Amino acid sequence: MANPVTQELLRRLPSVDALLQAKAVQEALAVQPRRLVLESIRQVLDALRKRILENPENAAHESDLDPQLLVGRILERLESLGSHTLMPVVNATGIVVHTNLGRSLLAAEAMERLQLLCAGYNNLEYDLGEGRRGSRYVHAEAILCELTGAKAALVVNNNAAAVLLVLNTLANGREVVVSRGQLVEIGGSFRIPDVMRSSGAVLKEVGTTNRTHPKDYEAGICGDTALLMKVHTSNYRIVGFTTGVGMEEMAAIAHRHGLPAIEDLGSGSFVDLSPFGLKGEPTVQDSVRAGADAVTFSGDKLLGGPQAGIIVGAREIVDRCKQNPLTRALRVDKMTLAALEATLRLYRDERGAIRQIPTLRMLAATPTELEERARSLASQIQQADRDRLLDVQVLPGFSQVGGGALPEQDIETRVVAVRSESIGTQKIEAALRSNTPPVIGRIEFDRCLLDVRTIQPDEFVAIREAFERMLAGTAGSR
Ligand SMILES: *Cc1c(COP(=O)(O)O)cnc(C)c1O
């Protein structure tokens, strides 16, 4: 039984009906569903009731019961209940392929095709020449073959699905030979040994963590072997006393034994990124040329397209994958194909691709360019800071590719570093993150850093407004 003070407080809680009559709530009812308004009132009252019961002596309850304040809280609740959970954010982290922030930004050309193809009907599975049912898999195949030099191609939901499908198709119940140095775990619980098990294949580890030789592959092959597999060690590097076997050599061993050689490339770039200071990321073409019979890679990592898993390789292998019933479960929709085909077509002109595909454009941005952008952003932030509460500087820093690509290569960038004695770095970071749109930066050396490499030019205004709001909020509380 609650004590008399608590009972008195609970008795004074306004009723749902009383709150519904408040002018601001009535106005909200005119534009929002009644169910949502009632739910907001209920949540605010429940939360307050809980606080009173848990801590009856707290003097703050007096002011908590103020109707004005309650209505304010109800409107806040309503706004958050009514908003989308998936929303745009400003990526100021400098991580270009940021899986948590949606990975690749689509090129304008891809957005146009999406708009055109998804707002109306299309020939997704219709053969216009024959006037009958066709296959959705023809749409990206020809251009994938053209760009990679492979004989056949198939697109599924993501690269994890592509790996699963190839292994299930070629190695269900049989052994797959992989170097011990390549038993990768990618974020989001994709681990080669686990995917192998799910596919029905049996992992045969060969070599050691740091060194695997051709003779190790030879020794790993037996009557039960289905194929040899190479996995791109996307998110780590083994350095020091190391030896690996290249695709050319591994494929030659596989072929001598009448077996296929496959490679999970992870990112799967189409262009050589070394001119931008990014060394050692193999291209899909390299892997195909070296003799891989199937190569799998993501559509939304370095390729800069929509989420997809792409398989390119020998016609016979791709056809077997297409006939696997799993393919139906892993199939891509028209949105993916529309955006992917448009992105792939941009690669016909490599220089154009670097200009038009946001992922490549961001990676190619030079320090000079970034310096200029950082200065412009810094000056916008300073304009928002009329009371001179912020210390705003442009500093050199490092961006990352992300998405598991090129793990230990940092790319030189410029960041806007913001600090404030009176506000505090954590508070600045949190205020930016709770803005609409949220601005996601990072904290280093007690400064809030905004890396301009991943901030789009039209987002500068949103960042300035976020600072304006934050500073207006702190002015109110001082
Ligand atoms: C990222 C990655 C995957 C998974 O690709 P998704 O497209 O995210 O499913 C698989 N293998 C490697 C080596 C990777 O880097």
Side-chain angles (χ1 to χ4, degrees), residues 95-106 140 144 153-168 171 176 178-199 201 203 205 227-238 244 246-247 250 261-270 273 278 280-284 286-287 292 294-313 321 326-327 329-333 335-337 339-340 343-344 359 363 400-409:
I95 301 169
V96 178
V97 182
H98 199 309
T99 298
N100 303 149
L101 302 183
R103 284 201 184 158
S104 288
L105 314 192
L106 293 181
L144 278 167
L154 172 63
V155 182
V156 291
N157 226 325
N158 54 25
N159 187 33
V163 176
L164 179 74
L165 179 62
V166 170
L167 289 174
N168 178 263
V176 173
V178 186
S179 160
R180 285 205 167 83
Q182 298 172 2
L183 299 176
V184 185
E185 172 180 321
I186 318 289
S189 72
F190 177 94
R191 302 168 113 192
I192 287 295
D194 297 345
V195 174
M196 195 79 72
R197 204 170 309 119
S198 310
S199 75
L203 173 64
E205 300 174 31
L227 57 92
L228 270 54
M229 182 183 192
K230 203 168 152 56
V231 183
H232 185 45
T233 56
S234 310
N235 50 4
Y236 67 99
R237 282 275 182 278
I238 296 175
M247 178 41 92
M250 195 191 85
I262 71 168
E263 179 158 28
D264 174 17
L265 263 188
S267 250
S269 179
F270 280 0
L273 297 169
L278 298 166
E281 185 69 20
T283 65
V284 179
D286 287 341
S287 185
V295 184
T296 61
F297 52 98
S298 285
D300 58 349
K301 288 184 179 170
L302 284 174
L303 211 61
Q307 178 188 305
I310 300 168
I311 304 166
V312 300
C321 287
L326 257 186
T327 301
L330 307 175
R331 84 177 185 189
V332 279
D333 77 336
M335 290 192 271
T336 306
L337 287 169
L340 184 64
T343 308
L344 292 171
T359 301
L363 288 173
Q400 282 169 38
V401 178
L406 302 156
E408 89 301 22
Q409 294 196 39

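Counting starts at 1 for both ligands and their atoms, following the listed order. Each residue takes its place number in the sequence, starting with 1. The structure displayed is predicted, hence computed values, not measured ones.
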task = State if Asp264 counts as touching ligand 1 under the rule of any non-hydrogen atom under 4.0 Å.
result = yes
ask   = Pick one: which of Val332, Val312, Ile310, Leu165 meets side-chain contact (heavy atoms from CB on, under 4.5 Å) with Leu154?
value = Leu165
note = In this structure, CG of Leu302 is separated from OG of Ser269 (nearest 0.5 Å) by 5.0 Å
ask   = Ala160 heavy atoms, cut-off 4.0 Å: which ligand 1 atoms fall inside?
value = 4 (C), 5 (O), 6 (P), 9 (O)
query = For ligand 1, which atoms, with element, lie under 4.0 Å from some heavy atom of Ser298?
reply = 5 (O), 6 (P), 7 (O)
Nearest candidate to atom 5 (O) of ligand 1, where distance is taken over non-hydrogen atoms, out of Asn159, Val231, Ile192, Val184 = Asn159
Proximity flag Gln307 to ligand 1, non-hydrogen atoms under 4.0 Å = no
message = Evaluate His232 for polar contact with ligand 1, using N/O atom pairs at a separation under 3.5 Å.
response = no
ask   = Using a distance-only test with no angle check, is there a side-chain donor-acceptor pair under 3.5 angstrom linking Glu281 and His232?
value = yes
message = According to side chain to side chain contact (heavy atoms under 4.5 Å, CB included), who are the partners of Ser199, at least two apart in sequence or on a separate chain?
response = Leu164, Leu167, Asn168, Ala201
inquiry  = Under a plain distance cut-off of 3.5 Å, with no hydrogens placed, do Glu263 and Ser287 share a side-chain donor-acceptor pair?
reply    = yes
key: N or O pair under 3.5 Å between Ala308 and ligand 1   = no
ask   = Quick one: side-chain hydrogen bond (donor to acceptor under 3.5 Å, both in side chains) partners of Glu205, sequence neighbours excluded?
value = Arg180
inquiry  = With a cutoff of 4.0 Å, is Arg103 in contact with ligand 1, counting heavy atoms of the residue only?
reply    = yes
ask   = What is the distance from atom CE of Met229 to atom CE of Met196, rounded to the nearest 0.5 Å?
value = 5.5 Å
request  = List every atom of ligand 1 that sits less than 4.0 Å from any heavy atom of Lys301, numbering the atoms from 1 in the order shown and giving each element.
outcome  = 1 (C), 2 (C), 3 (C), 5 (O), 14 (C), 15 (O)
key: Those atoms of ligand 1 less than 4.0 Å from some heavy atom in Gly266   = 12 (C), 13 (C), 14 (C), 15 (O)
